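As the structure is a computational prediction, the values presented were derived from the model and not from experiment.
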Amino acid sequence: MTITPRSIVRSLAISTLSPVHIGCDEVYEPSGFVIHDELLHVLDPADLATALTDNERRKLATLADQREPIGALQRFFRDAAARFSELARQQVAVAPELAREYAVKAGRPTQRDPNGEATYNSFQFARTAFRPFDGTPYLPGSSLKGSIRTAWLNYLNAEKPLSPAEKTDRRHASQSLEQRLLEYAAGKFQDDPFRQLALADAHPEEESTPPPTRVLYAISKKKRQPRADDRLSPELKVFLETIPEALPAAFLGEIRFAPGATIRWDALCDACNAFYRPQLEGELQHPVLSAPLDSDWVRLIYRLLGDELGELIKARQGFLLRVGRHSGAESVTLGGVRSIKIMRPDGQRPEYRPITTEKRYATLSRAGNGGLLPFGWLWVDACDDRHRHLSDAIRQKLAMRSRPLREAHQERLLRLEDKAAQRAAVAAATADRKAAAEAAALAEAAAQQERDSALTRMSPNRRRVEEFIAEFAARAGQLRGRPENPNGVFHDKARALARDAAAWDQEERAAAADAIEQWLPKVVRVDIRDERRKLKLAALRIA
């Protein structure tokens with residue numbers, strides 16, 4: 001057995017060959033998105049709360065208290081889809097037929113039980129694995145490593161059946177088989193050779209456009225020709241967010257062989273390609289299920305396998321993998337010991353067979369009569385400079401197929417960036433106005449406090465003058481430059497101040513005269529020259 005004397009790291013560039021969905025127990029909830037213009041628009045709760053009018057908030061509260069709130073809430077968001085879509089910070093392409101289905105069926109019961117309780121299409125879309133901080137899809141290292149481990153175990157098993165002891169103890173057969181093939185004792189996980197093999201999470205290249213995702217139908221197809229007595233399958237309600245096919249070098253990662261590793265790169269490539277390539281070719285050549293496959297995709301994969309991809313496989317410059325949901329039971333079990341549980345109708349006991357009877361495909365339509373694509377196929381590229389031309393040719397061919405998707409995604413991201421910049425500008429302007437208003441309020445409060453303090457230090461007569469000024473200033477603000485008729489309340493206030501001020505000391509009299517002359521004409525329609533004479537303002541100013 002050859003042992004790696006030092007750490008060896010290989011950089012990996014991973015391309016999708018078919019749609020990939022790696023489950024993460026997260027979904028797009030119907031109250032967290034709307035579908036408009038064949039796009040799923042993801043809504044931030046804070047943005048939505050800000051955008052709702054008071055009437056809409058009251059309506060939502062009322063809908064939530066109804067006997068059947070699900071349908072009412074779905075209709076509320078569907079009917080406001082065009083407006084709410086403007087709030088989106090993330091958008092996901094949706095199969096056109098699925099978008100039409102949402103527009104027609106959201107909020108409508110699909111059936112009612114004998115008690116009248118309605119069942120609704122939940123329109124929950126399972127998300128593929130994504131980075132929480134920006135929503136970008138990625139390939140978890142654990143998924144990649146799990147698929148490699150399956151291929152390696154299959155390579156070691158070499159189509160042999162279970163041992164007599166393993167057949168006897170079926171419950172623990174899988175665990176016992178792994179321990180036997182990988183040559184470590186029960187409980188001695190530190191001796192598992194895969195402990196010396198590390199697969200990093202594979203992410204899009206920094207500063208590059210992140211890969212798009214797309215919500216598709218996932219439908220089942222039987223592996224045999226339909227029979228006359230076949231019963232129709234119940235309507236499927238499986239919608240999955242997928243990373244589309246033919247994305248060249250969309251994810252970058254690395255594989256690390258630690259010192260002491262007994263698994264070598266060349267053998268790993270051989271094991272993965274020996275396990276997965278026949279499965280991929282089997283799908284392309286299946287006597288029944290190859291017919292509804294996307295014919296352009298089939299030709300693309302055939303050409304790659306027969307040319308550049310085949311050359312790189314032969315030169316051990318990379319390997320095929322199948323990952324994620326709906327990869328098929330054959331891709332996660334070993335040849336020679338494969339025993340797949342097949343459920344049977346009408347409560348019959350399940351059967352166990354070496355192959356499945358159905359396969360699940362990604363499709364743009366619910367019926368799935370054509371254009372089908374298998375789930376989960378990846379090409380993991382670690383080629384050296386001598387083979388770079390082959391790798392580049394593969395990427396160019398994949399890029400030709402995915403160009404419309406990628407360009408549409410790029411345009412969406414640019415529009416979202418523009419909207420984000422606009423929102424940021426509006427938010428900044430709002431914050432500036434709020435800060436200015438708060439500063440003005442603080443300044444006014446400080447000025448009022450100073451005025452109040454000054455008033456307490458004033459004599460009663462000076463305080464009366466200040467109160468006169470404040471009252472007339474407030475009234476002038478109400479009148480907005482249109483003084484009221486004379487001989488009213490405010491005219492009488494000015495007369496009373498002039499009359500009473502005659503008995504004050506000189507400084508207080510002058511302050512009263514100045515206040516009357518400044519503020520009376522702003523509030524009362526008078527000739528100030530006549531009022532000076534009538535109110536004897538000149539006398540008030542005499543020392």
Side-chain angles (χ1 to χ4, degrees), residues 2-18 20 22 137-155 193-206 208 211 243 245-280 301 304-324 327 331 376-399 402:
T2 304
I3 297 177
T4 302
R6 55 184 175 82
S7 289
I8 296 176
V9 178
R10 279 184 175 262
S11 297
L12 307 177
I14 304 177
S15 302
T16 61
L17 300 182
S18 72
V20 174
I22 298 177
Y138 76 103
L139 304 178
S142 56
S143 294
L144 302 173
K145 188 174 182 179
S147 297
I148 292 172
R149 184 183 182 93
T150 300
W152 186 256
L153 289 169
N154 184 78
Y155 163 71
F194 272 83
R195 295 290 294 271
Q196 306 300 318
L197 188 68
L199 264 293
D201 293 340
H203 294 273
E205 185 177 5
E206 292 295 331
S208 67
I243 304 167
E245 75 280 4
L247 298 183
F251 302 94
L252 305 182
E254 67 176 31
I255 185 169
R256 182 181 298 270
F257 300 84
T262 56
I263 300 173
R264 305 298 294 274
W265 170 259
D266 286 356
L268 196 64
C269 288
D270 289 343
C272 289
N273 291 319
F275 183 62
Y276 289 113
R277 180 172 181 171
Q279 293 184 38
L280 177 56
I301 301 303
L304 290 176
L305 288 172
D307 200 344
E308 297 93 353
L309 191 57
E311 288 295 317
L312 290 180
I313 288 174
K314 188 183 302 182
R316 295 165 171 165
Q317 296 296 300
F319 50 85
L320 294 165
L321 276 188
R322 199 170 197 187
V323 300
S327 295
S331 296
W377 287 109
L378 301 175
W379 166 246
V380 182
D381 187 326
C383 75
D384 53 31
D385 291 340
R386 190 158 59 92
H387 297 86
R388 182 63 58 194
H389 65 288
L390 297 173
S391 176
D392 290 342
I394 292 172
R395 295 181 188 186
Q396 290 170 7
K397 291 180 179 179
L398 293 175
S402 61

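- Looking only at side-chain heavy atoms (C-beta outward), Phe194 and Leu199 stay at 4.5 Å or farther from each other.
- In this structure, Pro140 and Ile22 have side chains that are in contact, with non-hydrogen atoms separated by less than 4.5 Å.
- Exactly one of Asp381, Leu144, Leu252 qualifies for a side-chain contact (heavy atoms from CB on, under 4.5 Å) with Ile14. That residue is Leu144.
- Within the 3.5 Å criterion, the main-chain N or O of Gly141 finds a donor-acceptor partner in the side chain of Asp201.
- In this structure, Ser143 contributes its side chain and Gly324 its backbone to no donor-acceptor pair below 3.5 Å.
- Looking at Ile255 and Val380, their side chains never come closer than 4.5 Å, going by heavy atoms from C-beta outward.
- Closest approach of Leu17 and Glu245 over heavy atoms only: O-CB, 3.4 Å.
- Rounded to the nearest 0.5 angstrom, Glu308 CD and Gln317 CD are separated by 14.0 Å.
- The closest donor-acceptor contact from the side chain of Asp266 to the backbone of Cys269 lies at 3.5 Å or more, if one exists at all.
- In this structure the side chain of Gln196 never reaches within 4.5 angstrom of the side chain of Thr262, judged on heavy atoms.
- For Lys145 against Leu197, the heavy-atom pair with the smallest separation is NZ-O, 2.7 Å.
- A side-chain donor from one of Ser331 and Gln279 sits under 3.5 Å from a side-chain acceptor of the other.
- Here the side chains of Ile394 and Pro248 are not in contact, with every heavy-atom distance at 4.5 Å or above.
- Across all their heavy atoms, Ser402 and Ala246 have their closest contact at OG-O, 2.6 Å.
- With a 4.5 Å cut-off on side-chain heavy atoms, Leu312 and Trp379 count as touching.
- At distances below 3.5 Å, at least one donor-acceptor pair connects side-chain atoms of Asn273 with backbone N or O atoms of Gly318.
- In this structure a side-chain-to-backbone donor-acceptor pair under 3.5 Å is missing from Ser327 to Gly376.
- Separating the CG atom in Leu390 from the CG atom in Asp307 is a distance of 8.0 Å, to the nearest 0.5 Å.
- Formation of a donor-acceptor pair under 3.5 Å by the Ser18 side chain with backbone atoms of Trp377 is found in this model.
- Proximity of a side-chain donor or acceptor of Tyr155 to a complementary backbone N or O of Ala267 within less than 3.5 Å is not detected.
- Screening His387, Arg386, Arg388 for a side-chain hydrogen bond (donor to acceptor under 3.5 Å, both in side chains) with Asp384, the sole residue that qualifies is His387.
- In this structure, the side chains of Ser7 and Phe257 stay at 4.5 Å or more apart for every pair of heavy atoms.
- Rounding to the nearest 0.5 Å places CG of Leu280 at 6.0 Å from CG of Leu320.
- The main-chain N or O of Leu378 is never found under 3.5 Å from a side-chain atom of Thr16 such that the two would form a donor-acceptor pair.
- Between Tyr276 and Ser147, the shortest heavy-atom distance links the atoms OH-O, 2.8 Å.
- Counting only distance, with no hydrogens or angles, the side chain of Trp265 and the backbone of Arg316 share a donor-acceptor pair below 3.5 Å.
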